[in-house]
Number of protein chains: 2
Amino acid sequence: MVKTENTEERILEAARAVFIRKGLTGARMQEIADEAGINKALLHYYFRTKEKLFDRIFFEVFQTISSGINQAFTENIPFFDKIKKFIDLYIGVLLENPYLPIFFLNEIQQNPERLQQFIEKDVFKSMSSFLIQLSDEINAGRIRPVHPVHFIINMIGMLVIPFAVKPLLAPIVSRQLGIDYNDLLRERKEVVFQFIINAIKPIEK
Amino acid sequence: MVKTENTEERILEAARAVFIRKGLTGARMQEIADEAGINKALLHYYFRTKEKLFDRIFFEVFQTISSGINQAFTENIPFFDKIKKFIDLYIGVLLENPYLPIFFLNEIQQNPERLQQFIEKDVFKSMSSFLIQLSDEINAGRIRPVHPVHFIINMIGMLVIPFAVKPLLAPIVSRQLGIDYNDLLRERKEVVFQFIINAIKPIEK
DNA sequence: AAAAAGTTTAACTAGATGGTTAAAATTATA
DNA sequence: TATAATTTTAACCATCTAGTTAAACTTTTT
């Protein structure tokens, strides 16, 4: 066996970068080849079709997303710590992959069928354990009653959206308020946590 | 002058539907013509290029979004009422245009330059008046201190994300919890409002 | 009815793009 | 060094798609 892994790895990195930037329909095989430092013939030699290559990348992206969730939710730590950990971890991932959420959300809107292979799997088993823990906290009166699904949606929304609206908001807050949007993104680790705590902490101490 | 308005209107409706469903690169002029019930030659007769047609649609979409914001923020009503109004109005728009946010966010990620024409304009002047009102409330001690920009981002995130992740979550909550996702979306008018109120209401009454 | 505007038909161009192929060149392996 | 695996070159094919064109047809206006 020769150094095929190296080239394949470079192709995958390039494909991931280009697909996430341009989306499935926007990406060009030639551009992926260029970014990988090879030619189109070799690219097709490794991955016969654009579809096959995209499937692979989409799978990896899905793993990036779901493993982040699982990592934070699997640990056996107090509820508020888990929230904090989840937020830190997620914003960390997003800071490194700012284009990833819109790429992912756009592709599943265009082609929801692609998700079926994942929904069957146990990718979200950790999430259901989190839902149980959340219910326990509510029953014990340690947090206010909230619908667990709504709670998760709220959290994800506050984490993801600032990255998605960056092209719109960054110039505005920069011009009108003199704020650097990247600073603002980093602040959110603390801000979102505090906002959530305030929202779910019971009124009486 | 003949019944040109009628046809032009049908083209715009068709283009809006197709562009929002498929995006700029995914949309086909032939598909837009079909959806408008005309042929490709006539479509090009009204709008010379795909780009021109898209620009027009993108402008309209931007107006849909920003006019919703302005409508709620311009009224002279108490702060909490304004929040509630904003939420109701926004979820209403999203229920009627569920694909719109990802379309918009994807396009501005692909092509941020397109926004420049809008950022100059006073589309967001109502938002800055809202920011001032928010600061006043904080200074008067009627709500907890929150960074206004973070607050807006939180709100937008909680409103938009549930629509964006619908293809992923709808099958999951349907299968595992027996919940109809559309019911869940409608519930959010109340849920998000309550969550926000809880988060920003001061501790002492 | 005649003129003008709107619409269709149908064929066509030009360029982009995914994918293929075969031979040559390079690199690694035995 | 000989063999095998990897990579490049470069031309090529087929298809898709935006956009054009000119003539015929239909509807509206005068």
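F73(B) CZ: more than 12 foreign heavy atoms inside a 6.0 Å radius.
Side-chain atoms of K50(A) stay outside donor-acceptor range of the base of dG19(C), with no qualifying N/O pair under 3.5 Å.
When the nucleotides dT8(C), dT7(D), dT20(C) are ranked by their closest atom to the side chain of T7(A), dT7(D) comes out on top. With distances taken from any side-chain atom of Y45(B) to the nucleotides dG6(C), dG18(C), dT7(D), the minimum falls on dG6(C). Here dT20(C) is the nucleotide among dT20(C), dG6(C), dT20(D) with the atom lying nearest to any side-chain atom of R48(A). In the set dT7(D), dT8(C), dG18(C), the nucleotide with an atom closest to the side chain of M29(A) is dG18(C).
The NZ atom of K40(A) sits 14 Å away from the P atom of dT9(D) (whole-angstrom rounding). Atom CZ of R28(A) and atom P of dG18(C) are 5 Å apart (whole Å). Atom C1' of nucleotide dA10(C) and atom CD of Q30(B) are separated by 12 Å, given to the nearest angstrom. Separating the NE2 atom of H44(B) from the C1' atom of dT17(D) is a distance of 9 Å, rounded to the nearest angstrom. Distance, L42(B) CG to dA24(D) C1': 15 Å, rounded to whole Å. Distance, F54(B) CZ to dA18(D) P: 14 Å, rounded to whole Å. Regarding F47(A), its CZ atom lies at a distance of 16 Å from the P atom of dG18(C), rounded to whole Å. In this structure, the CD1 atom of I32(A) is 8 Å from the P atom of dG18(C), given to the nearest Å.
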Trace of the side-chain contact (heavy atoms from CB on, under 4.5 Å) decision for E187(A) with V149(B): CA-CA 11 Å; E187(A) 282 170 26; V149(B) 175; over 6 Å; no
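Using a 4.0 Å heavy-atom cutoff across all strands shown, A27(A) reaches sugar-phosphate atoms only and no base atom.
Between A41(A) and A41(B), the residue whose closest nucleotide on DNA chain D is further toward the 5' end is A41(A).
At distances below 3.5 Å, at least one donor-acceptor pair connects side-chain atoms of R188(B) with backbone N or O atoms of M158(B). Although no hydrogens or angles enter the test, the distance criterion places no donor-acceptor pair under 3.5 Å between the side chain of R142(A) and the main chain of N139(A).
Y46(B) has a side-chain polar atom (N or O) that falls below the 4.0 Å cut-off from OP1 or OP2 of dT7(C). For the pair N39(B) and dT8(C), the criterion of a side-chain N or O lying under 4.0 Å from OP1 or OP2 is met.
Figure legend: K84(A) and F193(A) shown as a cation-pi pair, the cationic atom lying under 6.0 angstrom from the six-membered ring centre and within 45 degrees of its axis.
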